[in-house]
Enquirer: 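After the structure tokens below, expect a handful of questions from me.
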Amino acid sequence: MFGNGYARELAVTARLRDAIAAKGKSATPLRATARLQTLAKVADVEGHLGSTQGLLNEDVIDIFNEIADLLDISGANPFRIRAYRNAARTISAMTEDLRSFLTRGCDPADLPGIGRDLAGKIQEIADTGTCALLRQVRDEVPGQGAALMKLAGLGPRRVRALQRELHIASVDDLGRAAREHRVRLLKGFGARSEQRLLQAIQAQMDRNRRFNVDVAVRTAAPLMQHLRENAKIAAMTVAGSLRRGRDTVGDLDIVATSAVPRTVIRALTAYPMAQTVLSAGVTRASVMLSNGMQVDLRVVPAADYGAAMVYLTGSKAHNLALRQLAQSMGLKINEYGVFRGRSKIAGQDEASVYAAVGLPWIPPELREDTGEIQAARDGRLPRLVGREDIKGDLHIHTRDSDGLASLEEMVQAAGKLGLQYLAITDHSPRMGMTHGLGAQRLAVQAERIDALNGVGGMPWILKSVEVDILEDGSLDLPDTVLGRLDLVVGAIHSHFDLSPAKQTARILRAIDHPHFSILAHPSGRLLGERDGCRFDVPRVMTALAERGCFVEANSQPSRLDLWDSACRMAREHGVLVSIASDAHRVADLDNLPLGLTQARRGWLEADDVLNARELPELRRLLRRTM
DNA sequence: GCCGTTTTCGGCCCGACTGTTTTCAGTCG
């Protein structure tokens, strides 16, 4: 998915910064990024942004993971295997382009989990595009071992057995063998595992499907209600990626506490939407719902609830780091609590678990092992922006273009939500299908806004427009028209597939426009439908900062654009973020928390958020000085 | 293969569930 893959191309993470600082080297990401941008400015734009940017990171991640899978199948030292996986994870947490990292003279061996050997392999991949060890292990493990490993239910041992005994090289081979009932003849396999493998092959074909967060919420709510009504539950919460606020959700993780766990397990397996029961034990069960979403349920005693919540909220990387920290203190963390020897010292609530390892409670949105544990240790955790900090909404449509409610209805609804101000941002003329507004209709709208503002008792209405950024970077309305507005929100709605160089130049030109205020949904991605456009994000952030402009975190569940790491990059560049609903109807105003969550995942505090400002301060900030 | 409040060797996160076994290995989260 665009958000995850592309996020890897962005700037230096705090984890990286911490790791380098811990090793006694000084490296401020801002300075590093600035240097990079200087290089970019002098370089030929097309050349700089050509085919290599970010691809090295992907290459190294793929190669290290494949080496790990193949070593696993060949029965290598498990800790050597883990080293490759850890290194791949470190690279995927990097948001700077690895090639520019090397160009700047930085040493990958300074990164956590990467030593001299793997640093050498990274350099080898940078130089040659591949790695001798990969070729070697591919020779030793013939066939598509790595592809087989990705099937649910197949690990290294069983892949090895399939390859050795049945000469199965590919997923297709496996499907054939399973249908011919040859797999069940192997030791350790039976008719049931044969059936499951066929299901796994089918599931893999259906997969790569993650759910937008609104779908996940709409799936979770009735399920939770069903469980409450049909089982004796003392407390229950959704954990996993939904609780961490990921932009998309793969499955639902639910943790519940009950004196009679069996009732909860039974209630889940009896849920009408549960199509297949994948597993059901005494304390844990998994089902596949009819909409294709998997639910993993864990039932624990009240005394273990906090530990189970930490465990099931994850991320896996965060939990690993937490356990290692515990271990270094002579403690053990599992889903039942924190233990010193046999005695349990914490676990009832999450705060006690963190406190046991000397940390303050860490908000779920930060639990990705991207520097939050070190920040918590140092007392540097951000005070994340909350719903109560949001004073207004700077991206709202009305019936005048493609909205479904009138200006008056949107303003009243914003007032009911306690907002102090809102910006009306209907589309510009180029967006023909949205009935976009030209100069004349904008002037009429402005009169109605003046009249409403004159009445008072409602949120202050700012005059604005969502002006189309045309292919060449010019704006879809004349200067004279834009100059009369309180702010100008600019967005791309076409030509998403320009080369990164052209896309970057297009956006930079738009930002240069004297009346430009906020870059809205910058990538234009539609989750699960359309990848976003590709552009040089650090460069655009730098330009926004230099011009006194802002960037939007769009709250539509199918957009969530900016994504988390780009929000973090905005903060690092000193660009204030407008967390906006992009509402086209009254109900859409309630989407604001979704964008807010991405902002929180990007470590944003209230000070980093444009619409956390009071109106007078907002007005001051909107006055362009450059 | 990495790493050091166990510091250049000897460790490396932890437990539930499934299927195939008949006491447990393999897989998964």
Enquirer: Could you give the distance separating B/dG29 and B/dT23 at their C1' atoms, to the nearest angstrom?
Expert: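 Looking at atom C1' only, B/dT23 and B/dG29 are 24 Å apart.
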Enquirer: Residues from residues 308-317 of chain A sitting under 4.0 Å of DNA chain B, heavy atoms only?
Expert: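 Here the set is A/Tyr311, A/Lys316.
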Enquirer: Does A/Lys344 use its side chain to pair, donor to acceptor, with the backbone of A/Ala303 at less than 3.5 Å?
Expert: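 Present.
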Enquirer: Please check: side-chain N/O of A/Glu372 versus main-chain N/O of A/Thr370, any donor-acceptor pairing under 3.5 Å?
Expert: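 Answer holds: yes.
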Enquirer: Figure out the CD/C1' separation between A/Gln294 and B/dG29, and round it to whole Å.
Expert: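 From A/Gln294 CD to B/dG29 C1': 10 Å.
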Enquirer: Restricting to salt bridge (charged side-chain N to carboxylate O under 4.0 Å, His left out), what partner residues turn up for A/Arg192, sequence neighbours left out?
Expert: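 Residues passing salt bridge (charged side-chain N to carboxylate O under 4.0 Å, His left out) with A/Arg192: none at all.
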Enquirer: Rounded to whole Å, please give me the gap between CG in A/Leu325 and P in B/dC12.
Expert: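 Between P of B/dC12 and CG of A/Leu325: 16 Å.
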Enquirer: Determine whether a donor-acceptor pair (N or O, by modelled atom type, separation under 3.5 Å) exists between the side chain of A/Arg244 and the backbone of A/Glu365.
Expert: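 No.
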Enquirer: Once you apply the 3.5 Å cut-off to both distances, tell me the Watson-Crick or G-U wobble partner of B/dC28, or none.
Expert: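 Per the H-bond distance test, B/dG15.
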Enquirer: Strictly by ring pair (Phe, Tyr, Trp, His ring centres under 6.0 Å), give each pair with a member in residues 209-245 of chain A just once, sequence neighbours left out.
Expert: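 Residue pairs with at least one partner in residues 209-245 of chain A: A/His226-A/Tyr271.
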Enquirer: Starting from P on B/dC28, measure out to CG on A/Leu297 and report it in whole angstrom.
Expert: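 Taking CG of A/Leu297 and P of B/dC28, I get 20 Å after rounding.
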Enquirer: Specify the closest pair of heavy atoms between A/Pro112 and A/Thr90, including all atoms of both residues, with the distance to one decimal.
Expert: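 Result for this residue pair: O-OG1, 2.9 Å.
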Enquirer: Keeping to residues at least two apart or across chains, list the ring pair (Phe, Tyr, Trp, His ring centres under 6.0 Å) pairs with something in residues 104-133 of chain A.
Expert: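 Residue pairs with at least one partner in residues 104-133 of chain A: there are none.
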Enquirer: Who are the salt bridge (charged side-chain N to carboxylate O under 4.0 Å, His left out) partners of A/Arg284, not counting sequence neighbours?
Expert: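 Here no residue qualifies.
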Enquirer: Take A/Asn334 and A/Lys121, find for each the nucleotide of DNA chain B with the closest heavy atom, and name the residue whose nucleotide sits nearer the 5' end.
Expert: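 The 5'-side residue here is A/Lys121.
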Enquirer: If we take the C1' atom in both B/dG1 and B/dT5, what is their distance in whole Å?
Expert: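 B/dG1 and B/dT5 have their C1' atoms separated by 23 Å.
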Enquirer: Suppose we screen for salt bridge (charged side-chain N to carboxylate O under 4.0 Å, His left out). Which residues come up paired with A/Asp173, at least two apart in sequence or across chains?
Expert: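 A/Asp173 satisfies salt bridge (charged side-chain N to carboxylate O under 4.0 Å, His left out) with A/Arg176 only.
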Enquirer: Are the side chain of A/Arg568 and the backbone of A/Arg601 linked by a donor-acceptor contact shorter than 3.5 Å?
Expert: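 No; zero donor-acceptor contacts below 3.5 Å.
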Enquirer: Given the C1' atoms of B/dG15 and B/dG10, what is the spacing between them in whole Å?
Expert: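 Each nucleotide's C1' atom is 25 Å from the other's.
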Enquirer: Indicate whether OP1 or OP2 belonging to B/dT20 is found under 4.0 Å from a side-chain N or O atom of A/Ser193.
Expert: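 Affirmative; the distance criterion is met.
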Enquirer: Report the residues that fulfil salt bridge (charged side-chain N to carboxylate O under 4.0 Å, His left out) with A/Asp172, sequence neighbours left out, ordered by chain and then residue number.
Expert: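 Expected list: none.
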Enquirer: Would you name the heavy atoms of A/Glu194 and A/Arg182 that are closest together and state the gap between them?
Expert: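 Nearest heavy atoms, A/Glu194 then A/Arg182: OE2-N, 3.5 Å.
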Enquirer: Let's see if you get this right: which residues in residues 154-170 of chain A place a heavy atom under 4.0 Å from DNA chain B?
Expert: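 Within this stretch, A/Leu154, A/Gly155, A/Pro156, A/Arg157, A/Arg158 sit under 4.0 Å of the strand.
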Enquirer: Specify the closest pair of heavy atoms between A/Ile254 and A/Leu312, including all atoms of both residues, with the distance to one decimal.
Expert: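 Scanning both residues completely, I find the closest heavy atoms to be O-CD1, 4.0 Å.
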Enquirer: Without decimals, in angstroms, what is the distance between A/Leu71 CG and B/dG1 P?
Expert: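 These atoms are roughly 8 Å apart.
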Enquirer: Please tell me which of A/Ile333 and A/Arg116 maps to the more 5' nucleotide of DNA chain B, matching each residue to the nucleotide holding its nearest heavy atom.
Expert: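 So the residue in question is A/Arg116.
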Enquirer: Quickly work out the A/Lys187 NZ to B/dT22 C1' distance and round it to whole Å.
Expert: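 It is 11 Å, rounded to the nearest whole Å.
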Enquirer: Show which side-chain atoms of residues 114-130 of chain A pair as donor or acceptor with protein atoms under 3.5 Å away, not counting sequence neighbours.
Expert:
unit_1   : atom_1 : unit_2   : atom_2 : d
A/Arg116 : NH1    : A/Asp107 : OD2    : 3.3
A/Arg116 : NH2    : A/Asp107 : OD1    : 3.2
A/Arg116 : NH2    : A/Asp107 : OD2    : 3.1
A/Asp117 : OD1    : A/Lys121 : NZ     : 3.4
A/Asp117 : OD2    : A/Lys121 : NZ     : 2.7
A/Gln123 : NE2    : A/Asp127 : OD1    : 3.2
A/Glu124 : OE2    : A/Ala132 : N      : 2.8
A/Thr128 : OG1    : A/Glu124 : O      : 2.8
A/Thr128 : OG1    : A/Thr130 : N      : 3.2
A/Thr128 : OG1    : A/Thr130 : O      : 2.8

Enquirer: When all nucleic acid strands are considered with a 4.0 Å heavy-atom cut-off, which category describes A/Asn319: base, sugar-phosphate, or nothing?
Expert: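 A/Asn319: no heavy atom of the nucleic acid under 4.0 Å.
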Enquirer: Donor-acceptor pair, A/Ser258 side chain versus A/Val260 backbone, under 3.5 Å?
Expert: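 Looks like yes, one N/O pair under 3.5 Å.
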Enquirer: Taking the side chain of A/Asp117 as its heavy atoms from C-beta onward, which of B/dC28, B/dC14, B/dG1 lies nearest to it?
Expert: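 The answer is B/dG1, which lies nearest to the side chain.
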Enquirer: For atom C1', what is the distance between B/dC14 and B/dT20, given to the nearest Å?
Expert: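 Pairwise C1' distance, B/dC14 against B/dT20, rounds to 24 Å.
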Enquirer: Where do A/Asp251 and A/Ser241 come nearest, in terms of heavy atoms and distance?
Expert: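 The answer is O-OG, 4.3 Å.
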Enquirer: What's touching nucleotides 16-18 of chain B from the protein side, N or O pairs under 3.5 Å?
Expert:
unit_1 : atom_1 : unit_2   : atom_2 : d
B/dA16 : OP1    : A/Tyr336 : OH     : 2.7
B/dC17 : OP1    : A/Val282 : N      : 3.3
B/dC17 : OP1    : A/Thr283 : N      : 3.1
B/dC17 : OP1    : A/Thr283 : OG1    : 3.4
B/dC17 : OP1    : A/Arg284 : N      : 3.0
B/dT18 : OP1    : A/Ala280 : N      : 2.7

Enquirer: With a 3.5 Å cut-off and just heavy-atom distances, do the side chain of A/Asp253 and the base of B/dG29 make a donor-acceptor pair?
Expert: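 No, the side chain and the base share no sub-3.5 Å donor-acceptor pair.
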Enquirer: Could you pull out the protein-nucleic contacts involving nucleotides 4-9 of chain B (nitrogen or oxygen on both sides, under 3.5 Å)?
Expert:
none

Enquirer: Just the rounded figure in Å: distance from C1' of B/dG29 to CZ of A/Arg244.
Expert: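 For the pair A/Arg244 CZ and B/dG29 C1', the rounded distance is 12 Å.
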Enquirer: Between B/dT6 and B/dC12, how far is it from one P atom to the other, in whole Å?
Expert: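 These two P atoms come out 12 Å apart once rounded.
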Enquirer: Answer yes or no for A/Arg158 and A/Phe189: cation-pi contact, defined as NZ/CZ to six-membered ring centre under 6.0 Å and angle to ring axis within 45°.
Expert: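 Yes, A/Arg158 sits over the ring of A/Phe189.
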Enquirer: Rounded to whole Å, please give me the gap between CZ in A/Arg323 and P in B/dG29.
Expert: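 To the nearest whole Å, that distance equals 15 Å.
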Enquirer: Using a cut-off of 4.0 Å on non-hydrogen atoms, how would the nucleic acid contact of A/Ala119 be classed: base, sugar-phosphate, or nothing?
Expert: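 Touches nothing.
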Enquirer: Tell me: CG of A/Asp72 to P of B/dC28, nearest whole Å?
Expert: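 Value for this atom pair: 11 Å.
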Enquirer: When the C1' atoms of B/dG11 and B/dA16 are compared, how many Å lie between them, rounded to an integer?
Expert: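 About 26 Å, rounded to a whole number of Å.
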Enquirer: Will you find, in the side chains of A/Ser558 and A/Asn212, an N or O donor that is under 3.5 Å from an N or O acceptor?
Expert: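 Their side chains do not contain a donor-acceptor pair, so the 3.5 Å distance test is not met.
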Enquirer: Under 4.0 Å from any atom of DNA chain B, heavy atoms only: list the residues of residues 345-358 of chain A that qualify, in numerical order.
Expert: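 Those residues: none at all.
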